[in-house]
Amino acid sequence: MNIFSHFQTIITDQLGALSAEGKLAEGLDFSKITVEPPRDAAHGDLATNAAMVLAKAAGMKPRDLAELLAAKLEAAGHFTKVDVAGPGFINLTLQPDFWRAQVAHILNARNTYGEVDAGRGELVNVEYVSANPTGPMHVGHTRGAVFGDALANLLEKAGYKVCREYYINDAGGQIEVLARSVFLRYREALGEDIGDIPEGLYPGDYLVPIGKELAAEYGDKLKAMPEADWLEIVRKRAIEAMMEMIRGDLAALGIEHEVFYSERSLHENGAVEETLAYLESKGLIYTGVLEPPKGKTPEDWEPRPQTLFKSTEFGDDVDRALKKSDGSWTYFAPDIAYHYDKYKRGAAHLIDVWGADHSGYIKRMSAAVAAVTDGKADLDVKICQLVKLYRNGEPVRMSKRAGSFVTLRDVVEEVGRDAVRFMMLYRKNDAPLDFDFAKVKEQSRENPVFYVQYAHARIHSVLRNAQAEVSGIDLSDSALAKADMALLRDEAELTLIKQMAQFPRMVQSAAEAHEPHRIAFYLYELASAFHGLWNKGKDDPSLRFILADDKSVTLARLALIRAAAYVVEAGLGILGVEAIEEMR
RNA sequence: GGUCCCGUAGCUCAGUAGGAUAGAGCAUCAGAUUCCUAAUCUGAGGGUCGCAGGUUCGAAUCCUGCCGGGAUCACCA
């Protein structure tokens, strides 16, 4: 249960009652009313802006309306205190028992706590990674991969049905380059001296085994074939091998897509022609000549008639080319067909996760989606900014040409999957991210990964100790849920409960904003509340979780922290990070 | 030159779809602690939210214009 929306309903009900009594205008718009925890805890547990939002339409002064509503709310009896404050806020304080009851709720829900139904089961298609299958994934891909995956988890938690998708760019010129590079390795495997890898081909060693496989399977038969024939065979094999490698890289990060969608298939099954014919039928395709970009005309620019899509009708800056000068489709054309296909498969919500270098592509893609779906689908493109690697405070230099790029595998093997994932999410997606190997591996309070995982491990440590020290104690969830929560009297204990109770609301707002990083920050704060409680027990032994001479209090406190561990686990689950039970 | 993103404490960053006195970590400073529940703890100082207008009960948040930083700019993927 999201308690904030619960009380929102109570408030709107009371407003409705006031209207019915003729004390308030009817037909007011309640949609702008919010119920939030106030910034300052001294103001109470909940605050609503209802009076301020409605004052104008109701023709009343905010404070007067606030007083009216406050009296009504007071009479309703859910609150121990109802105050009108500032320009017209209504501050509400709940019975401590209301908060305490949350502990049992959480113990009941376990790590499903926080599931909300904002999505009402609607299908969201999340496309992420979609790296070209021309080599292993490097760090640059890591952020988008983790972000997309966590966003997908988050949306599921918020009640959406999610399809995780990877678009395989297996049709372009780079794939041909890949095939030629592999063919070279094939000749090498047959004993030919190939010398240096020519400029423009992929030099990476990872292609060597594919060449060997082809040599073992075909002998020198490929060499005897016409180019068009061997190219076809080699290309197919190369893509398969690359995708297998990429799937392995993704698996190392704990990522698994449900759909791998081939660009080539869109060409082969006619979907590109079909989609473009559809746009043509709507009068959105024409042949024309584009102006050169202002301020920066390319050297080889020349006016040239092109097949264009009227993306300007949907908010783009210029119309966009669908065909290259040689008559073949641009990358954009099959991409339109692809997005159309996602929609036809039932997803009215589309999310693409791209690198920052593709941000200039957003407008045309949004335009295309609007055109092809008649505005019935929404596309949100999430941009992940660059990741800068640091080692001992020094930036790690990477050069693709020199082959000195850090791969995703390198990073995962060095710092671990969980740390990579958490750090990639501990920053807003559209802000650049510094990734310092030393800091990520550090086991200290300064490292948020450690800090959050440690909270979870610490709780399990306490539970293990309790099992060992307190004879006959029953630590099952059902037993803990029956503990006398009224014994949770300390302010720090209530603070922790209130923090936990925010989780469903966090899930909902993070999901609506498509911002999984909010969960990471929330978990840091939750961990902080728990560690604070622990530290209090260090100063004051009567606040420790395990009290040898008071089993009832011990049970209540263990219930509290067990619940906290579930919330941490649920939150980390969204991020795709394991909630470990013991630090090593 | 166009477009998009960013600009918040000395540093790194949050800021919950417009809310009350703008937060956290690091660093700095001042205390506590050698104890063991497991990786010290508590507190303090520190801000013209890039600048200037606008919208309204109310702006770090929305709009406009500047300044500064980054990405990108017919046919690549």
Side-chain angles (χ1 to χ4, degrees), chain A residues 4 32 34 36-40 43 47 49 51-53 55-56 61-63 85-89 91 130-132 134 167 169 171-175 263 289-298 300-304 306 308 316-326 328 330-332 335 355-363 381 383 385-386 426-428 430-434 436 439 442-448 450-451 454 457-458 461-462 465 469 502 505-506 508-510 512-513 515 517-518 520-522 524-525 528 531-532 534-539 541 544-546 582-583:
Chain A
F4 296 91
K32 285 195 149 180
T34 60
E36 300 173 325
R39 193 159 280 165
D40 187 345
H43 290 145
N49 62 356
M52 292 177 292
V53 173
K56 198 173 212 174
K61 287 183 188 165
R63 295 257 341 179
F89 285 101
N91 292 327
S130 299
N132 290 341
T134 57
Y167 183 56
N169 300 132
Q174 291 187 28
I175 291 300
E263 177 190 355
V289 180
L290 288 177
E291 298 280 314
K294 284 182 183 130
K296 191 204 159 206
T297 306
D300 58 346
W301 191 88
E302 55 183 60
R304 183 185 298 152
Q306 289 174 301
L308 299 170
D316 200 358
D317 307 308
V318 289
D319 292 336
R320 303 292 176 175
L322 296 167
K323 277 185 181 175
K324 298 184 206 170
S325 43
D326 67 0
S328 64
T330 63
Y331 177 76
F332 187 37
D335 217 4
D357 53 339
H358 286 56
S359 55
Y361 202 77
I362 297 176
K363 280 190 182 177
V381 179
I383 290 298
Q385 281 290 344
L386 232 60
Y426 200 62
R427 188 111 315 169
K428 218 166 27 182
D430 55 7
L433 186 151
D434 292 341
D436 189 314
K439 282 186 188 163
E442 193 175 276
Q443 302 234 322
S444 80
R445 193 189 146 75
E446 278 93 78
N447 181 355
F450 171 80
Y451 193 66
Y454 182 42
R458 204 174 219 179
S461 171
V462 173
N465 287 342
E469 286 169 23
Q502 293 234 37
R505 186 171 164 274
M506 286 307 308
Q508 186 158 352
S509 59
E512 277 166 14
E515 290 184 350
H517 77 275
R518 292 189 194 181
F521 281 93
Y522 166 78
Y524 184 84
E525 280 169 25
S528 178
H531 288 305
W534 170 283
N535 290 328
K536 257 186 128 171
K538 205 160 194 176
D539 286 345
R544 295 187 175 194
F545 302 126
I546 303 171
E582 206 168 349
M583 302 304 288

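Numbers restart at 1 for each chain; the letters A, B, ... are given by sequence-line order, proteins then strands. Computed from a predicted model, the values in this text were never measured in an experiment.
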- Note on the structure: Per atom distances to the A:Asp430 side chain, the nearest of B:C76, B:C6, B:U42 is B:C6
- Note on the structure: Of B:C76, B:A39, B:C41, the nucleotide closest to the side chain of A:Tyr331 is B:C76
- Atom OH of A:Tyr426 and atom C1' of B:U12: how far apart are they, to the nearest Å? 10 Å
- Message: Measuring only the P atom in each nucleotide, how far is B:A60 from B:U55? A whole number of Å is fine.
- Response: 16 Å
- Flag the pair A:Asn169 / A:Ile175 as yes when at least one side-chain heavy-atom distance between them is below 4.5 Å, and no otherwise. no
- Message: Can you see if the side chain of A:Lys439 gets near the phosphate of B:U12 - specifically, an N or O under 4.0 Å from OP1 or OP2?
- Response: no
- Query: Closest to the A:Pro87 side chain: B:C57, B:A71, B:A17?
  - Reply: B:C57
- Message: Does A:Arg505 reach a base, just sugar-phosphate, or nothing at all? Heavy atoms under 4.0 Å.
- Response: base
- Query: For A:Gln443, which contact category applies under a 4.0 Å heavy-atom criterion: base, sugar-phosphate, or nothing?
  - Reply: base
- Partner of B:U72 by Watson-Crick or G-U wobble geometry, both contacts under 3.5 Å, or none? B:G2
- Any strand, both distances under 3.5 Å, Watson-Crick or G-U wobble: B:A14 pairs with none
- Message: With a 4.5 Å cut-off on side-chain heavy atoms, are A:Leu290 and A:Gln306 touching?
- Response: yes
- Task: Could you tell me which nucleotide pairs with B:G65 by Watson-Crick or G-U wobble geometry, both distances under 3.5 Å, or answer none if nothing does?
- Result: B:C51
- Got A:Pro37 and A:Phe4 here, is their nearest side-chain heavy-atom distance under 4.5 Å? yes
- Are A:Phe89 and B:A20 stacked, counting the six-membered base ring, centres under 5.5 Å, planes under 30°? yes
- Query: According to a strict under-4.0 Å criterion, is A:Lys56 in side-chain N/O contact with OP1 or OP2 of B:G58?
  - Reply: no
- Any A:His517 side-chain N or O less than 4.0 Å from OP1/OP2 of B:G15: yes
- Query: Parallel, tilted or perpendicular for A:Tyr524 and A:Tyr451, by the 30°/60° rule?
  - Reply: tilted
- Note on the structure: Picking from B:A38, B:G15, B:A14, the nucleotide nearest the side-chain atoms of A:Arg518 would be B:G15
- Message: Ignoring hydrogens and geometry beyond distance, is the side chain of A:Asn49 in donor-acceptor contact with the base of B:A20 at under 3.5 Å?
- Response: no
- With a non-hydrogen cut-off below 4.0 angstrom, is A:Met506 in contact with a base, only sugar-phosphate, or nothing? nothing
- Task: Could you please name the partner base of B:C29, counting Watson-Crick and G-U wobble pairs only when both distances are under 3.5 Å?
- Result: B:G43
- Message: Could you tell me the Watson-Crick or G-U partner of B:G58, where both distances fall under 3.5 Å? Say none if there is no partner.
- Response: none
- Message: Need to verify one output field. Residue with the more 5' nearest nucleotide on RNA chain B, A:Val462 or A:Asn132?
- Response: A:Val462
- Message: Quick check: do A:Asp335 and A:Tyr167 have side-chain heavy atoms less than 4.5 Å from each other?
- Response: yes
- Query: What about A:Arg39, does its side chain sit under 3.5 Å from the base of B:U21 through a donor-acceptor pair?
  - Reply: no
- Task: Answer with yes or no whether A:Ser461 presents, from its side chain, a donor or acceptor under 3.5 Å of a partner atom in the base of B:A38.
- Result: yes
- Could you check whether A:Thr330 gets within reach of a base, just the sugar-phosphate, or nothing at all, counting any heavy atom under 4.0 Å? sugar-phosphate
- Which whole number of Å gives the distance between the C1' atom of B:G31 and that of B:U37? 24 Å
- Task: In whole angstrom, give me the gap between the C1' atoms of B:G18 and B:A32.
- Result: 43 Å
- State, without any angle test, whether A:Arg505 and A:Gln508 hold a side-chain donor-acceptor pair at a distance under 3.5 Å. no
- Query: Nearest of B:A39, B:A74, B:G19 to any side-chain atom of A:Leu290?
  - Reply: B:A74
- Using the P atom as the reference point in each nucleotide, state the distance between B:G19 and B:U61 in Å, no decimals. 11 Å
- Query: Between B:C4, B:C76, B:C41, which nucleotide has the shortest distance from any of its atoms to the side chain of A:Asn535?
  - Reply: B:C41
- Given B:U3, B:C13, B:U56, which nucleotide is nearest the side-chain atoms of A:Arg427? B:C13
- Item | Nucleotide paired to B:U37 in any strand shown, Watson-Crick or G-U, under 3.5 Å | none
- Task: For A:Arg320, report the nucleic acid contact type (base, sugar-phosphate, nothing); a contact means any heavy atom under 4.0 Å.
- Result: nothing
- Message: For a quick check of understanding: with a heavy-atom distance under 4.0 Å over all strands, which category does A:Gly173 fall into, base, sugar-phosphate or nothing?
- Response: sugar-phosphate
- Report which part of the nucleic acid A:Lys428 touches: base, sugar-phosphate, or nothing (heavy-atom distance under 4.0 Å, all strands). sugar-phosphate
- Message: Under 4.0 Å, heavy atoms only, any strand: does A:Asn91 hit a base, just the sugar-phosphate, or nothing?
- Response: base
- Message: Applying a 4.0 Å non-hydrogen cut-off, can you work out what A:Tyr454 is touching in the nucleic acid: base, sugar-phosphate, or nothing?
- Response: base
- Atom C1', compared across B:G58 and B:A77: separation rounded to whole Å: 48 Å
- Query: Nearest-Å distance, CH2 (A:Trp534) to P (B:U42)?
  - Reply: 14 Å
- Item | Euclidean distance for P, B:A74 against B:A17 (whole angstrom) | 37 Å
- Item | Where A:Arg458 and A:Trp534 come nearest, the two heavy atoms and their spacing | NH2-NE1, 2.9 Å
- Starting from C1' on B:G70, measure out to CG on A:Leu433 and report it in whole angstrom. 15 Å
- Under 4.0 angstrom, heavy atoms only, what part of the nucleic acid is A:Arg544 near: base, sugar-phosphate, or nothing? base
- Take the protein atom NE2 of A:His43 and the nucleotide atom P of B:G19, then report the distance between them rounded to whole Å. 15 Å
- Query: So which nucleotide from B:A38, B:U37, B:U72 ends up closest to the side chain of A:Phe545?
  - Reply: B:U37
- Message: Output the rounded distance in Å from CD1 (A:Ile175) to P (B:C76).
- Response: 15 Å
- Considering only heavy atoms from C-beta outward, does the side chain of A:Met52 approach that of A:Phe89 to under 4.5 Å? yes
- Message: Please report the distance separating the P of B:C49 from the corresponding atom of B:G7, rounded so that it comes out in whole Å.
- Response: 14 Å
- Task: For A:Ala356, answer base if it contacts any base atom (sugar-phosphate contacts may also be present), sugar-phosphate if it contacts only those atoms, and nothing otherwise; contact means non-hydrogen atoms under 4.0 Å.
- Result: sugar-phosphate
- Query: Taking atom C1' in both B:A38 and B:A14, what distance in whole Å separates the two?
  - Reply: 29 Å
- Nearest whole angstrom, please: distance from the P of B:C36 to the CG of A:Asp539. 14 Å
- Base, sugar-phosphate, or nothing: which does A:Ser509 touch, judged by heavy atoms less than 4.0 Å apart? sugar-phosphate
- Query: Are OP1 or OP2 of B:C41 and a side-chain N or O of A:Arg445 less than 4.0 angstrom apart?
  - Reply: yes
- Side-chain-base donor-acceptor pair under 3.5 Å for A:His358 and B:A71: no
- Message: Nearest to the A:Asp434 side chain among B:C13, B:A77, B:A14, which nucleotide is it?
- Response: B:C13
- Under 4.0 angstrom, heavy atoms only, what part of the nucleic acid is A:Ala47 near: base, sugar-phosphate, or nothing? base
- Message: Under 4.0 Å, counting only non-hydrogen atoms across every strand here, what does A:Glu525 touch: a base, just sugar-phosphate, or nothing?
- Response: nothing
- Mutual orientation of the aromatic rings belonging to A:His517 and A:Phe521 [parallel < 30°, tilted 30-60°, perpendicular > 60°]: perpendicular
- Message: Please give me the minimum heavy-atom distance between A:Arg427 and A:Leu433, naming the atom from each residue.
- Response: CB-CD1, 3.8 Å
- Message: Assuming nearest nucleotide by heavy-atom distance, tell me which of A:Glu446 and A:Ala513 is located more 5' along RNA chain B.
- Response: A:Ala513
